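Just so it is clear, the values below take in all heavy atoms, side chains as well, and ignore hydrogens, waters and symmetry mates. Below, read A as the first sequence line, B as the second, and so on, with proteins coming before strands; counting in each chain starts at 1. Computed from a predicted model, the values in this text were never measured in an experiment.
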2 protein chains.
Amino acid sequence: MLREDVTDAIRGAVFEELASVGFARMSIEGIARRAGVGKTAVYRRWKSKLHLVLDLVAAVASQGMPAPATGSLYGDVRAVLELAAYALRHPVASQVIPDLLVEAARNPEISDAIKAALLDQQQGVAAVVVRAAVERGELPEGSDPDRALDLIVGPLYWRLAVVRGALPKGYLDDLAASAVRALKG
Amino acid sequence: MLREDVTDAIRGAVFEELASVGFARMSIEGIARRAGVGKTAVYRRWKSKLHLVLDLVAAVASQGMPAPATGSLYGDVRAVLELAAYALRHPVASQVIPDLLVEAARNPEISDAIKAALLDQQQGVAAVVVRAAVERGELPEGSDPDRALDLIVGPLYWRLAVVRGALPKGYLDDLAASAVRALKG
DNA sequence: TAACGACGGAACGGTTGCGTTGCGACGTAC
DNA sequence: GTACGTCGCAACGCAACCGTTCCGTCGTTA
């Protein structure tokens with residue numbers, strides 16, 4: 001039986017290594033070193049660093065992402081932004097997520113995994129939020145959830161993950177209001 | 001005298017190599033191979049792959065980015081989106097830009113260079129556009145250019161560079177209208 | 001025509017990571 | 001108490017790339 005504490009140590013090391021050097025530079029030797037573990041222990045569990053990362057991403061995907069139901073479009077949008085901002089301000093996640101998203105452009109397997117773990121989740125949330133808003137009469141029939149996602153998450157991702165700028169107090173409120181304004185019409 | 005055609009061949013190879021494998025995996029051997037050039041020719045010009053890329057990015061930065069002046073906020077926003085979409089749909093640029101942006105999170109020198117070549121340029125354009133709109137009375141006094149940039153470029157970058165989805169006909173028009181709606185208020 | 005310098009190419013020793021193998025130590029199951 | 005499997009560790013041969021050096025070729029300049 002494989003020891004679970006060793007498995008956990010490796011998983012943790014992968015996260016840290018992914019955050020500090022990125023997928024491209026990450027090596028199994030480095031992971032084992034950081035985990036305080038022999039290379040053997042890693043290869044006994046995964047075939048390559050790709051499988052390691054795919055496994056990790058799949059674990060994240062399986063958690064699922066809850067769709068907000070605050071009763072108003074603004075409230076729902078604000079909740080989505082809160083969750084996204086929390087993730088993108090996390091020191092590890094804010095390095096890992098953009099890194100894997102870029103890597104996904106070159107590797108179809110990573111692309112599929114990330115898609116399932118992040119994008120599909122978010123698109124699902126967006127679909128729920130938009131549908132609720134349509135039923136409430138806040139948005140017109142036939143509103144496009146993908147466009148909604150662009151308008152809601154795009155500006156935040158741009159600021160936090162691309163420009164890597166600060167997030168002034170009240171900015172999420174403003175962004176939510178702006179997104180709602182953009183969506184209606 | 002260094003031969004200019006060789007220099008150009010190397011520069012071109014760097015772009016292609018950057019697009020196909022990314023900065024992290026890029027090697028000087030690979031660049032020389034792709035350029036059909038000896039390693040010597042590369043080292044005679046640049047100290048490392050970092051200097052190579054910094055030089056390239058600086059060249060882009062020096063070109064400058066023109067600020068639109070269409071006479072309306074919608075027109076200006078639409079023009080900015082057109083330019084951004086053109087770059088982000090270019091097969092090479094759409095790989096290189098996100099790659100370097102992610103690399104910038106780990107390397108201060110790349111960060112500075114990218115900032116000067118892309119972000120500062122865009123922020124300058126945003127500042128001009130916002131000021132013009134304020135003078136026209138389309139936007140309230142004290143509107144934040146950075147927030148404007150988030151709302152204008154964010155959704156497009158999200159769709160083209162992150163999700164890597166298609167760009168439906170008329171989407172840029174819609175995005176421009178949405179951004180204007182978001183900005184006013 | 002002679003001198004110079006950049007050229008491509010090949011080789012250098014050194015480093016890093018690959019994926020594999022063999023080792024003795026430890027813990028658990030039977 | 002014996003057998004088994006995982007453990008960390010060290011070493012293996014192999015490959016890629018590092019940055020440097022030397023070579024013979026070629027084009028330009030004087």
Value in whole Å for how far the [atom2] atom of [N] lies from [atom1] of [X]:
X     : N      : atom1 : atom2 : answer
A/L52 : C/dC18 : CG    : P     : 11 Å
A/K47 : C/dT20 : NZ    : P     : 11 Å
B/I28 : C/dT15 : CD1   : P     : 19 Å
A/K49 : C/dC18 : NZ    : P     : 7 Å
A/D5  : C/dC26 : CG    : P     : 16 Å
A/I31 : C/dT16 : CD1   : C1'   : 15 Å

So which protein nitrogen or oxygen atoms get under 3.5 Å of nucleotides 7-16 of chain D's nitrogens or oxygens?
unit_1 : atom_1 : unit_2 : atom_2 : d
D/dC7  : OP1    : A/R45  : NH1    : 3.4
D/dC7  : OP1    : A/R45  : NH2    : 2.5
D/dC7  : OP2    : A/R44  : NH1    : 2.2
D/dC7  : OP2    : A/R45  : NH1    : 3.4
D/dG8  : OP2    : A/G38  : N      : 3.4
D/dC9  : N4     : A/T40  : OG1    : 2.7

### Task
Describe, in one word, how the ring planes of B/W158 and A/Y157 are oriented to each other, choosing from parallel (under 30°), tilted (30 to 60°) and perpendicular (over 60°).
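Perpendicular.
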
Charged N to carboxylate O below 4.0 Å: is that the case for [X] and [Y]?
X      : Y      : result
B/R45  : B/D55  : no
B/E135 : B/R131 : no
B/D76  : B/R136 : yes

### Query
Regarding A/R34 and A/S20, is there a side-chain donor-to-acceptor distance under 3.5 Å anywhere?
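Result is yes, a qualifying pair exists.
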
### Message
Ignoring hydrogens and geometry beyond distance, is a side-chain donor-acceptor pair present between A/R147 and B/S178 at under 3.5 Å?
### Response
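Side chains of A/R147 and B/S178: pair found under 3.5 Å.
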
